[in-house]
Protein chains: 2
Amino acid sequence: MRGTTIRDVARRAGVSIATVSRVQRGSAPVADDTRDRVAAAIEALRYVPNRLGRGLAERRHRAMGIVFPDLSGPYFSEVIGGFETAATDDDHGVMVLSTHGREAAADRVRDLASRVDGLLILGRTVPDEVIRDLHEAGRPIVLLARPPVGDTDAVRAENRATAARLALHLIDVHGHRRIAFLGDPDSSPDGAERWDGFVAAHRSRGLAGPDGPIRSLYRQAEGYAAARLALMAVDAREPPTALFCGNDEIALGTYRAATELHRRVGHDLAITGWDDIPTARYLAPALTTVRQPMRELGLWAARALFARIHGGGGPPRHEVLPTQVVLRASCGCATTPMQEEPER
Amino acid sequence: MRGTTIRDVARRAGVSIATVSRVQRGSAPVADDTRDRVAAAIEALRYVPNRLGRGLAERRHRAMGIVFPDLSGPYFSEVIGGFETAATDDDHGVMVLSTHGREAAADRVRDLASRVDGLLILGRTVPDEVIRDLHEAGRPIVLLARPPVGDTDAVRAENRATAARLALHLIDVHGHRRIAFLGDPDSSPDGAERWDGFVAAHRSRGLAGPDGPIRSLYRQAEGYAAARLALMAVDAREPPTALFCGNDEIALGTYRAATELHRRVGHDLAITGWDDIPTARYLAPALTTVRQPMRELGLWAARALFARIHGGGGPPRHEVLPTQVVLRASCGCATTPMQEEPER
DNA sequence: TTGTAAGCGTTATCAA
DNA sequence: TTGATAACGCTTACAA
């Protein structure tokens, strides 16, 4: 019942299993009438080759794995979507593993590695040691939004220069002098680089160094809390006139805090985000942010893995994809009519 | 290099491969000193059993598959997250396949089916015929947010009664008489049921049947466009005073349209959504919506698949998980302080 | 053009 | 308690 095998097909077509295999994958010439008979048998028996048998013989899984911290939020969805598209188009399956801070993550990653031909690892999900082990064991690995470990391949989006450019926009164009940074430079390389660029912008204008970052996880709830903290100005200092948020979700949270504290976003309070998630343009006012090529990150990673799986060696590939400031109304710029927003 | 096998370990430990296997999986008693020698060899060689070999012998993949239309939006992320959690906890891998309207979807689903022990299929991603074939071939399948095909297992969230309750809230509590439905009853069973409940609410109050739905895909851009259409009231009729949106993303789009058309959400325009995505509570005003147990849907599906894989037969299981109206300010109710929002 | 047979790396049955 | 050895389902030399 469960499992017509190549032998059943061979028997029915009156040929050897080798011939069935040849017909099935077109790997060698087969006489027309033989082919027809085999094809008919395959059709009649609804034969689908067993992937385990095939994989064992071919010594490959035809599958790739992806490790990410958590599926929530648009960023990971997009990256994974890009990865999945590229992998599927190349006839590979995609196995996912979410670590969400679990302790057993390392074991699970090793397990995943034994199920696939190549691995994409996002951010700080996996201890360096595990990555090093797998890499040294010869397993194709690409790191995303994370510095390379040894000579692994890695891809990330540009952060520092764009963060500086965005901060300078607030300083030069809109005249802000007290800008708070909401995020956590320590929690991810991306965050650290954005903070660096933010600080560099202040330096380059000879401004007093900005206050230390207001720590916030990259989620709405934490952004809301951080914004309240920043805007309430418990100490003597005046509250900031602008909030530079580590990502769009933090920015989303700050909108609510701003409303509650009677600050008008885009007028007496500037807010910027990062990622350009789909919601950003639909907020009122629309959110000024930075567009990251999220799908492209996933696509690049998948292609790099293919190159390793098929092509083999070569020097490590490191790629930095460009990012782009998207000015909308939340920083004080004129409102962009919805019609002029490019499709996405 | 790539691939220390069970034979390498056996040779090194001076035992047979059978004994290595026994030690490895604890499937049969092994003398203490033998066990130690084998364990040492495994450790020294960093031996990891090949999953293809193991799978072939065990005749199972220890993996489950999930088919969804698109990764974008919080709904699928959450469902998949729940599914992944349950599967991973039970030592199963998870393979994902996004159909996003691709033509070749059917073939890809069949391919996925050959890589896993069970399949979760979301919504209208796969033709009935393919589902029927796979089910009849004895492959464990669970359908989610989709009516069963034949006697497959299926799980969904309640729609009709809750939609009616929400519509009655707008009618009875806030006195609305012209409510527009934004969504597409034809595109998904969920949408159809919400529309049914919406209509039923009108009937039960003896109101004139509501206008036909304003067609909108379940995304922000389409919600924005649909809302403009609804509110501009090109024909002679007065525009609606409330928008009943098929999901939160549509609702998000309507906020922007409302702002542009100078309607104040929660005051002269009521808006409701569906799903209670994380952003819903951070909008200003916060969005009245319906909470779906998205993670639980995924969890239930994974458990049902396990039951089929391990336990085997039995009658089809159909589950309907409860949903819950969440009143916030966008329908005109009093604003809930952020502090009183339960964590999620 | 086709068939035979040797792997691929496990698990599990039978003997010893 | 251990070892041979037969599956598991497929691909692919090598022969014919």
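Every chain is numbered from 1 and lettered A, B, ... according to where its sequence line falls, protein lines coming before strand lines.
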Quiz prompt | Atom-to-atom span, CG of A:L45 to P of D:dG9 - whole angstrom | solution = 15 Å
Quiz item: Please give, in whole Å, the distance from C:dT4 P to A:R11 CZ?
Solution: 14 Å
Exercise. Indicate yes or no: at least one non-hydrogen side-chain atom of A:R108 is less than 4.5 angstrom from one of B:D89.
Key: yes
Quiz item: What integer distance in Å separates B:Y47:OH from C:dG9:P?
Solution: 10 Å
Quiz item: Given D:dG3, is OP1 or OP2 found less than 4.0 Å from the side-chain N or O atoms of B:S16?
Solution: yes
Quiz item: B:R7 CZ to D:dA4 P: how many Å, rounded?
Solution: 12 Å
Quiz item: Could you state the interatomic distance from NE2 (B:H100) to CZ (B:F68), rounded to the nearest 0.5 Å?
Solution: 8.0 Å
Quiz item: Would B:D117 and B:R59 pass as an ion pair if we require N to O under 4.0 Å?
Solution: no
Quiz item: Separation of B:I17 atom CD1 from C:dG9 atom P, in whole Å?
Solution: 11 Å
Quiz item: Given the rule in the salt bridge (Lys or Arg N to Asp or Glu O under 4.0 Å) test, do B:D111 and B:R115 qualify, once you have shown the distances and angles that lead to the verdict?
Solution: CA-CA 7 Å; B:D111 177 79; B:R115 301 168 166 275; 3.0 Å; yes
Exercise. Can you measure from CG (B:D153) to NE2 (B:H135) and round to the nearest 0.5 angstrom?
Key: 7.5 Å
Practice problem: Please report, rounded to the nearest Å, how far the P atom of C:dT1 is from the CZ atom of A:R35. | Solution: 9 Å
Quiz item: Side chains of A:V94 and A:F83: does their closest heavy-atom pair fall under 4.5 Å?
Solution: yes
Self-check item: Nucleic acid contacts of residues 18-31 of chain A, taken as heavy-atom distances under 4.0 Å to DNA chain C
Solution: A:A18, A:T19, A:R22, A:P29, A:V30, A:A31
Practice problem: Go through the side-chain N and O atoms of A:S77 and B:S77 and say whether any donor and acceptor fall under 3.5 Å apart. | Solution: yes
Quiz item: How close or far is atom C1' of C:dC8 from atom CD1 of A:I6, stated in whole angstroms?
Solution: 15 Å
Quiz prompt | Pair B:R146 + B:D128, salt bridge at N-O below 4.0 Å | solution = yes
Quiz item: Roughly how many Å is it from CZ in A:R115 to C1' in C:dT10, rounded to a whole number?
Solution: 15 Å
Self-check item: Cationic N near anionic O, under 4.0 Å, B:E136 to A:R46
Solution: no
Quiz item: Which ones in residues 48-63 of chain A lie close to DNA chain C, meaning a heavy atom under 4.0 Å from one of its atoms?
Solution: A:L56, A:A57, A:R59
